[in-house]
Q: 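Attaching a single structure in structure tokens format; questions to follow.
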Amino acid sequence: MSTSATARPWTPGDRPPGPSALDGGGPLLWWVRPWGEEHAGPVVLDEEERRRAAAFRRPEDRAMYTASHTALRVLLGGVLELPPARVTLVRLACPGCGGPHGRPAVAGPAGERVRFSLSHTDGLAVVALAARPVGVDVERLPSERTATDVAQSLHPSEQAELARMAAAERPAAFARCWTRKEAYLKGTGEGLAGEALGGAYLGTGPSPAASPAGWNLTDVEVPAGFTAACAVAV
């Protein structure tokens, strides 16, 4: 079982994967940065996505959202042999409460062919495609104070690991642990309300200490200044 994977860059004009891209199960991983208007191309986002993009106050946040969701649609369209604008996305039921805010998915039978996850932070997004349920998370490295404060929500053993580290080492170690947790919880559809945030020990070290039962957890190589992880059901 691999404990790391590499995401490849995606930019407008890149050739999308074909219908056989997931024959090996995946995951396939890409990282995306915002691009300028000169690369905007045709509008492929649906009405709800355009509404969400317009709601961002900061232009850079709007650009990141637009770029990442455009990339997602192009990549899904390649696998499904559909124009990006014709890929229909839905929300599955939450596994905890049954509400309509679970894991995002492709609508209809096509959703059984390809599963996806999308995560974006300030300046970078990561897209994952797989033949099985998948979750991905990317985060910009936090400040020392944020790493210390938010660490209180982690597993007690992870908190202890961070407490033993030099302050300068904590941001990267905390980010590794946090992205592993969030990738897994996005894969299950539970989100940050899931018990694994503080109840599962995944570790803060250079490689995941463990994978949750039924899942393969890997760290993902992305540009410097960011940390990412991916979880795929087995």
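Residue numbers start at 1 and run along the sequence shown.
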Q: Has R52 got more than 12 heavy atoms of other residues, nucleotides or ligands less than 6.0 Å from its CZ?
A: no
Q: Please report the closest heavy-atom contact between Q159 and A151, naming both atoms and the distance.
A: CG-O, 3.1 Å
Q: Counting N and O atoms only, with roles assigned by atom type, does the side chain of E49 sit under 3.5 Å from a partner on the main chain of D46, one being a donor and the other an acceptor?
A: yes
Q: Kindly indicate whether the side chain of M64, heavy atoms from C-beta on, has any atom under 4.5 Å from the side chain of T121.
A: no
Q: Closest heavy-atom contact between A130 and P27?
A: CB-CA, 4.1 Å
Q: Would you check if the side chain of R140 reaches a backbone N or O of D122 as a donor-acceptor pair within less than 3.5 Å?
A: yes
Q: Output the distance between atom SG (C94) and atom CZ (R103), rounded to the nearest 0.5 Å.
A: 11.0 Å
Q: Enter the distance from D137:CG to S119:OG here, rounded to the nearest 0.5 Å.
A: 4.0 Å
Q: Should R73 and L45 be marked as a side-chain contact (heavy atoms from CB on, under 4.5 Å) after you check the CA-CA gap, both sets of side-chain angles, and the distance that decides it?
A: CA-CA 8 Å; R73 285 181 165 277; L45 304 185; 4.2 Å; yes
Q: Could you tell me whether the side chain of R132 and the main chain of V232 form a donor-acceptor pair under 3.5 Å?
A: no
Q: Measure across H155 and S157 and return the closest heavy-atom pair with its distance rounded to 0.1 Å.
A: ND1-N, 3.0 Å
Q: Any non-hydrogen side-chain atom of L75 less than 4.5 Å from a side-chain atom of P17?
A: yes
Q: Establish whether W31 and V220 are linked, either directly or via other cluster members, by ILVMFWY side-chain heavy-atom contacts under 4.5 Å.
A: yes
Q: Are side-chain heavy atoms of E182 and E139 found at a separation under 4.5 Å?
A: yes
Q: Quick check against the 3.5 Å criterion: does R180 have a side-chain atom that pairs as donor or acceptor with the backbone of D219?
A: no
Q: Under the salt bridge (charged side-chain N to carboxylate O under 4.0 Å, His left out) rule, what do R145 and D149 come out as? Steps first, then yes or no, please.
A: CA-CA 6 Å; R145 178 166 184 173; D149 291 346; 3.6 Å; yes
Q: Using modelled atom types and a 3.5 Å cut-off, is there a donor and acceptor pairing between side-chain atoms of S117 and backbone atoms of A128?
A: no
Q: What's the shortest heavy-atom distance between V136 and K186, and which atoms?
A: O-NZ, 2.9 Å
Q: For the hydrophobic clusters of this structure (ILVMFWY residues joined by side-chain heavy atoms under 4.5 Å, transitively), does one cluster hold both L141 and F174?
A: no
Q: Taking the side chain as everything from C-beta on, heavy atoms only, tell me whether W30 gets closer than 4.5 Å to L129.
A: yes
Q: Hydrophobic cluster membership, with links at side-chain heavy-atom distances under 4.5 Å among I/L/V/M/F/W/Y: are V106 and L92 in one?
A: no
Q: For the pair T6 (side chain) and E221 (backbone), establish whether a donor and an acceptor sit closer than 3.5 Å, ignoring hydrogens and angles.
A: no
Q: Under 3.5 Å, side chain of K181 to main-chain N/O of A200, donor-acceptor pair present?
A: yes
Q: Is there a path of hydrophobic side-chain contacts, each under 4.5 Å between heavy atoms, that joins W10 and V114?
A: yes
Q: With a 4.5 Å cut-off on side-chain heavy-atom distances among I, L, V, M, F, W and Y, is there a chain of contacts connecting L80 to V90?
A: no
Q: Work out which heavy atom in A147 is nearest to a heavy atom in P142; give both atom names and the distance.
A: CB-CG, 4.3 Å
Q: Please report the shortest heavy-atom distance between A5 and L29, naming the atom on each side.
A: CB-CD1, 3.8 Å
Q: Got a donor-acceptor contact below 3.5 angstrom from the E158 side chain to the L202 backbone?
A: yes
Q: Under the side-chain contact (heavy atoms from CB on, under 4.5 Å) rule, what do T227 and W178 come out as? Steps first, then yes or no, please.
A: CA-CA 9 Å; T227 300; W178 185 269; over 6 Å; no
Q: For D14 and T11, what are the C-alpha separation, side-chain angles and deciding distance, and is it a side chain to side chain donor-acceptor pair (under 3.5 Å)?
A: CA-CA 6 Å; D14 286 356; T11 57; 3.1 Å; yes
Q: Going through the checks in order, is the side-chain contact (heavy atoms from CB on, under 4.5 Å) test met by L162 and M165?
A: CA-CA 5 Å; L162 292 170; M165 294 179 186; 4.1 Å; yes
Q: Go through it in stages, so that I can follow the logic: the residues are E48 and L89, the test is side-chain contact (heavy atoms from CB on, under 4.5 Å), and I'd like the CA-CA distance, side-chain angles, deciding distance and then a yes or no.
A: CA-CA 10 Å; E48 174 63 16; L89 305 178; over 6 Å; no
Q: Can you spot which of V134, V234, T188 makes a side-chain contact (heavy atoms from CB on, under 4.5 Å) with W215?
A: T188
Q: With no hydrogens and no angle check, is any side-chain donor or acceptor of S20 less than 3.5 Å from a backbone partner on D23?
A: no
Q: Given 3.5 Å as the limit, does a donor-acceptor pair link the side chain of E161 with the main chain of T204, or not?
A: yes
Q: Over 60° means perpendicular and under 30° means parallel, so classify the ring planes of Y65 and H120, tilted if in between.
A: perpendicular
